[in-house]
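Here's the structure we're looking at; comments come further down.
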There are 2 protein chains.
Amino acid sequence: MDDIELHDLARRYRDILRQAVYLVRSIDADGELSTGQVATLNMIAAQPLRVGAIARNAGIRVPSATEQVIKLGSLGLVERKADESDARVVLVGLTDAGRSALAEANARRNATMATALKTLDADELQAVAKAIPAIAKLNEALAS
Amino acid sequence: MDDIELHDLARRYRDILRQAVYLVRSIDADGELSTGQVATLNMIAAQPLRVGAIARNAGIRVPSATEQVIKLGSLGLVERKADESDARVVLVGLTDAGRSALAEANARRNATMATALKTLDADELQAVAKAIPAIAKLNEALAS
DNA sequence: GTCCATAGTTAGGTAGCCTAACATATAGTT
DNA sequence: AACTATATGTTAGGCTACCTAACTATGGAC
């Protein structure tokens with residue numbers, strides 16, 4: 001694929017992405033938890049993470065992550081634990097309430113998306129499914 | 001495609017989209033114009049729009065659009081004109097400076113995206129290209 | 001002409017990000 | 001062991017972009 005086509009693809013991809021960004025935000029606005037909050041909860045679902053790791057994964061600075069953690073903590077969704085081997089470290093994990101709030105939020109968001117996906121025909125669904133790994137790779141390339 | 005698969009696709013699609021949202025923001029952060037500002041300028045590139053139309057297209061409220069227009073106006077990128085047939089209406093159009101700033105911003109963003117696209121192989125590029133119309137349709141479905 | 005609807009602005013508030021400055025803990029050096 | 005440099009978070013203060021509520025001015029219906 002030559003440069004001209006590549007630039008055209010870039011333009012078209014950016015166009016739909018811009019729209020999608022807005023839509024994701026509006027889907028998320030339905031619930032009580034913001035996009036960023038759900039993203040943070042998802043991150044620590046598998047195992048507790050330090051504040052710095054949350055910041056890095058979310059693409060924000062450490063003080064912003066601290067803020068988020070404080071907020072989520074005051075909502076009772078996360079808890080802060082000490083790291084046994086390093087007293088500087090704060091480990092942030094889900095509470096039971098956090099776990100169920102996350103499950104609910106994810107379910108609602110996925111359901112909305114699934115409903116939208118139903119409007120696509122089989123070929124289009126196939127196209128989206130096939131593109132996902134490529135987009136994931138693209139995301140990685142953009143991240144660096 | 002049955003419901004279970006659909007929900008799985010929804011989840012995976014939401015995952016990469018969430019990442020992409022963050023990346024779009026970080027790409028945009030490189031320039032002097034914010035994501036929203038460029039989106040607004042793009043909107044009025046073809047023909048001047050009223051403040052209300054800008055708000056609707058951008059998915060924001062009218063007062064927020066007013067703010068944006070004021071900001072862009074003070075940067076000399078847009079100009080406000082009266083509508084001849086309705087004195088309540090404010091038409092917002094690009095100035096020459098706005099047009100060239102927009103071209104520059106788009107070029108820079110597309111170039112960044114094109115560079116990232118170069119890391120994909122032919123099959124992956126094909127997959128992205130094919131998915132774009134489907135995603136556009138999906139966006140429409142989500143918008144309603 | 002009165003009344004309601006529409007277009008936009010102004011005022012005031014909030015969420016979520018930022019940088020700079022700080023406190024504390026660890027690790028490395030002598 | 002003491003001294004210094006590095007790493008982890010928090011606090012303080014500020015900015016942008018959004019919001020709702022209240023307002024002004026124009027337009028349209030009756």
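Model, not experiment: these values are computed from the prediction. We name chains A, B, ... by the order of the sequence lines, and we start the count at 1 in each one.
Checking the phosphate oxygens (OP1, OP2) of dA17(D), no side-chain nitrogen or oxygen of Ser64(B) falls inside 4.0 Å. Using a 4.0 Å cut-off, some side-chain N or O of Ser34(A) falls inside it from OP1 or OP2 of dG16(C). OP1 or OP2 of dT10(D) lies within a sub-4.0 Å distance of a side-chain N or O belonging to Thr66(A). Using a 4.0 Å cut-off, some side-chain N or O of Gln68(A) falls inside it from OP1 or OP2 of dC17(C).
For the pair Lys81(A) NZ and dT8(D) C1', the interatomic distance rounds to 18 Å; values are reported in whole Å. Spacing between atom CG of Asp86(B) and atom C1' of dT6(C) amounts to 8 Å, rounded to whole angstrom units. Between Arg80(B) atom CZ and dA7(C) atom P the separation is 16 Å, expressed in whole Å. In this structure, Ile70(B) atom CD1 and dT10(C) atom C1' are separated by 9 Å, rounded to whole Å. The nearest whole Å value for the distance from the CG atom in Leu72(A) to the P atom in dA15(C) is 13 Å.
Both Met43(B) and Leu41(B) belong to a common hydrophobic cluster when Ile, Leu, Val, Met, Phe, Trp and Tyr are linked at side-chain heavy-atom distances under 4.5 angstrom.
Side-chain N or O atoms of Thr95(B) include none that pairs as donor or acceptor with a backbone N or O of Glu79(B) at under 3.5 Å. Looking at Thr119(A), its side chain never comes within 3.5 Å of a backbone N or O of Thr115(A) through a donor-acceptor pair.
Against DNA chain C, the stretch residues 49-62 of chain B makes heavy-atom approaches under 4.0 Å through Arg50(B), Val51(B), Gly52(B), Val62(B).
Within a 6.0 Å radius of CG in Asp96(B), other residues, nucleotides and ligands contribute 12 heavy atoms or fewer.
Within 4.0 Å (heavy atoms only), Glu67(B) reaches at least one base atom of the nucleic acid.
Nearest to the side-chain atoms of Val89(B) among the listed nucleotides dT11(D), dG8(C), dT20(D) stands dG8(C).
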Exercise. Apply side-chain hydrogen bond (donor to acceptor under 3.5 Å, both in side chains) to the pair Arg14(B) and Asn110(A), showing each step before the final yes or no.
Key: CA-CA 8 Å; Arg14(B) 282 213 317 114; Asn110(A) 285 339; 2.9 Å; yes

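Residue whose closest nucleotide on DNA chain C sits further toward the 5' end, between Lys71(A) and Arg88(B): Arg88(B).
In this structure, Asn42(B) and Leu102(B) have side chains that are in contact, with non-hydrogen atoms separated by less than 4.5 Å.
A salt bridge links Arg11(A) to Asp8(A): at least one charged side-chain nitrogen sits closer than 4.0 Å to a carboxylate oxygen.
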